[in-house]
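In what follows, residues are counted from 1 in the order of the sequence shown. Computed from a predicted model, the values in this text were never measured in an experiment.
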Amino acid sequence: MEFDVEKYREDYPILSRTVAGRPLIYLDNAASTQTPRQVVNAITDMYENHKANVHRGVHTLSQEATAMMEETRRATARFIGASSTEEIIFTRGTTEAINLVASSYGQLLSEGDEIILSVMEHHANIVPWQLLRDRRGIVIRVVPMLADGSLDMDAYRSLLNEKTKVVAITHVSNVLGTVNPVAEIIRLAHEAGAVALIDGAQAIAHCRVDISALNADFYVFSSHKMYGPTGIGVLYGRRSLLEKMPPYQGGGEMISHVTFEHTTYADLPFKFEAGTPDYVGIAAFHTAISYMEEIGVERIAAHEEDLLNYTQQQMLTIPGMRIFGTAPGKSAIISFLIGNAHHYDTGLLLDKLGIAVRTGHHCAQPLMHALGIEGTVRCAMALYNTRQECDRFVESLRRVAAMLQ
């Protein structure tokens with residue numbers, strides 16, 4: 001079935017606006033995707049017709065809001081192939097989900113235990129483990145990468161040992177687009193007696209994720225990168241691990257019984273959901289999941305791959321073009337520099353031409369250091385981007401290159 005991109009573009013009013021007098025071309029999708037009107041309407045409906053604090057309320061509005069939030073939990077579990085809704089923890093985003101695991105599961109680790117990260121990790125999958133290192137004396141090991149931006153799996157195997165307790169690796173690099181072999185990474189971690197956390201923020205909207213097939217212990221992602229509301233994230237955790245982990249935060253919702261002498265905690269998943277959640281956003285997140293499922297994640301991925309190959313081939317004809325990350329099967333992310341031009345200059349000039357891209361280190365400074373640069377320009381495709389937009393992007397790059405070189 002043909003991918004009717006023009007039909008889907010109608011769902012995004014923002015794509016009809018102009019920037020600097022030109023039609024907007026939005027290519028900052030690795031930072032955050034745009035939100036279709038179906039999701040915006042779901043947020044409006046929640047505020048106008050169902051808003052009341054969730055759980056424990058006996059009145060109709062509270063019961064409705066609770067049912068909508070819990071239906072999103074069931075939809076999320078189905079979407080990623082989790083075996084139980086009790087393994088789905090709602091957070092504020094990928095960052096909080098990783099911090100939850102590092103802070104809570106980290107309490108089960110001892111001085112001298114080792115955690116393996118990769119050189120291509122987002123700061124959100126580095127700094128929480130450094131905080132844990134400073135508190136508990138753990139050791140962080142880092143997997144390097146090969147010249148094409150793929151993970152050095154031989155180096156990874158050599159780092160695994162009896163001291164390895166956690167492997168925390170990104171599914172897809174937010175800079176290079178590299179799709180890491182996470183199933184093998186997880187298998188090898190388990191063989192070494194370690195648990196594996198996979199940062200799925202850049203993967204969840206661009207490939208089918210099956211938790212059962214991956215056999216992941218923890219998998220984390222954010223709503224705002226999959227056409228949903230901001231401020232909503234998901235931690236999938238293996239039930240046997242979540243049951244052993246102490247609470248991350250204390251307060252309402254995560255308790256069973258409280259006295260000044262002793263507190264008992266709620267069952268999963270509520271043990272890790274202290275306080276009033278963003279139940280409006282969570283309810284609307286269900287609409288985003290349904291939206292992606294109706295289109296088909298595999299069809300979205302195929303469309304993005306076509307745009308990636310089409311655009312990257314043209315970009316390579318621009319004098320001075322330097323593309324970082326050429327691993328086979330990469331996701332639809334292109335990080336680049338034009339000669340020695342500063343990435344901010346390139347991004348600012350593109351903005352004057354109506355094109356939104358991301359510039360900087362992309363919260364991946366260790367990766368930038370490994371590449372020997374300070375930052376890049378990054379474009380990333382989504383389901384609503386078109387070949388015509390890619391043509392205009394490349395034409396604009398030619399203009400910018402002529403100005404900056």
Side-chain angles (χ1 to χ4, degrees), residues 82-83 86-89 91 94-145 151-171 173 180-201 203 211-221 233-249 265 268-269 271-272 364 366-367:
S83 60
E86 295 176 344
E87 297 178 316
I88 302 298
I89 312 296
T91 67
T94 300
T95 296
E96 185 176 52
I98 297 172
N99 274 273
L100 190 161
V101 176
S103 296
S104 182
Y105 189 80
Q107 292 187 46
L108 306 179
L109 304 184
S110 302
E111 184 175 355
D113 286 343
E114 296 184 1
I115 292 178
I116 294 178
L117 310 176
S118 84
V119 70
M120 62 182 70
E121 298 309 312
H122 189 282
H123 295 166
N125 201 27
I126 299 174
V127 179
W129 303 110
Q130 291 176 329
L131 294 173
L132 179 63
R133 176 195 63 195
D134 295 342
R135 291 195 304 269
R136 303 193 70 87
I138 63 166
V139 177
I140 295 175
R141 306 294 188 192
V142 181
V143 184
M145 63 184 180
L151 208 61
D152 187 338
M153 290 299 291
D154 289 337
Y156 171 59
R157 292 183 185 92
S158 71
L159 289 174
L160 289 164
N161 63 75
E162 68 279 359
K163 294 182 179 180
T164 306
K165 302 303 178 186
V166 177
V167 174
I169 301 286
T170 187
H171 195 157
S173 167
N180 286 320
V182 291
E184 184 180 4
I185 288 169
I186 294 166
R187 179 183 62 80
L188 292 170
H190 289 169
E191 289 178 358
V195 302
L197 178 147
I198 303 301
D199 175 357
I211 292 297
S212 298
L214 291 178
N215 199 24
D217 300 295
F218 302 104
Y219 196 95
V220 298
F221 54 94
V234 172
L235 162 64
Y236 160 82
R238 192 183 300 279
R239 179 171 181 164
S240 60
L241 297 176
L242 293 174
E243 287 176 337
K244 293 191 299 184
M245 292 161 53
Y248 173 54
Q249 295 177 324
Y265 306 123
L268 294 173
K271 170 183 168 184
F272 292 105
L367 175 56

Whether the side chain of [X] engages the backbone of [Y] through a donor-acceptor N/O pair (distance < 3.5 Å, no angle test) should be reported.
X      : Y      : result
Arg136 : Leu109 : yes
Ser104 : Pro246 : yes
Tyr248 : Ser103 : no
Asn180 : Ser173 : no
Asn125 : His123 : no
Asp217 : Ala196 : yes
Arg135 : Gln107 : no
Lys165 : Gly106 : no
Glu121 : Ile169 : no

Please round to the nearest 0.5 Å and tell me the distance separating atom [atom1] of [X] and atom [atom2] of [Y].
X      : Y      : atom1 : atom2 : result
Ile98  : Leu197 : CD1   : CG    : 6.0 Å
Arg238 : Lys244 : CZ    : NZ    : 10.5 Å
Leu188 : Tyr156 : CG    : OH    : 5.5 Å
Leu367 : Met145 : CG    : CE    : 4.5 Å
Ile89  : Glu96  : CD1   : CD    : 11.0 Å

Less than 4.5 Å apart, any side-chain heavy atom of [X] and any of [Y]?
X      : Y      : answer
Leu214 : Ile198 : no
Ile185 : Met153 : yes
Leu159 : Thr164 : no
Thr170 : His122 : no

For Arg141, enumerate each residue passing the side chain to side chain donor-acceptor pair (under 3.5 Å) test, keeping only those at least two apart in sequence or located in another chain. Glu114

For [X] against [Y], the heavy-atom pair lying closest together:
X      : Y      : value
Arg239 : Glu87  : N-OE2, 2.9 Å
Ile126 : Leu117 : CA-CD1, 4.1 Å
Ala189 : Val167 : CB-CG2, 3.7 Å
Val166 : Ala194 : N-CB, 4.0 Å
Ala82  : Ile88  : CB-CD1, 4.1 Å
Thr94  : Phe221 : OG1-C, 3.1 Å

Lys/Arg N to Asp/Glu carboxylate O, Glu191 vs Arg157, below 4.0 Å: no

Please lay out, stage by stage, how Lys163 and Ile138 fare under the test side-chain contact (heavy atoms from CB on, under 4.5 Å). CA-CA 10 Å; Lys163 294 182 179 180; Ile138 63 166; over 6 Å; no

Determine whether Trp129 and Ile116 satisfy the following criterion, side-chain contact (heavy atoms from CB on, under 4.5 Å), listing intermediate values before the conclusion. CA-CA 10 Å; Trp129 303 110; Ile116 294 178; over 6 Å; no

Could you walk me through whether Leu235 and Phe272 satisfy the side-chain contact (heavy atoms from CB on, under 4.5 Å) test, starting with their C-alpha distance in whole Å, then the side-chain angles of each, then the deciding distance to 0.1 Å, before giving a yes or no? CA-CA 10 Å; Leu235 162 64; Phe272 292 105; 6.0 Å; no

Walk me through it: do Glu243 and Leu268 pass the test side-chain contact (heavy atoms from CB on, under 4.5 Å)? CA-CA 7 Å; Glu243 287 176 337; Leu268 294 173; 3.6 Å; yes

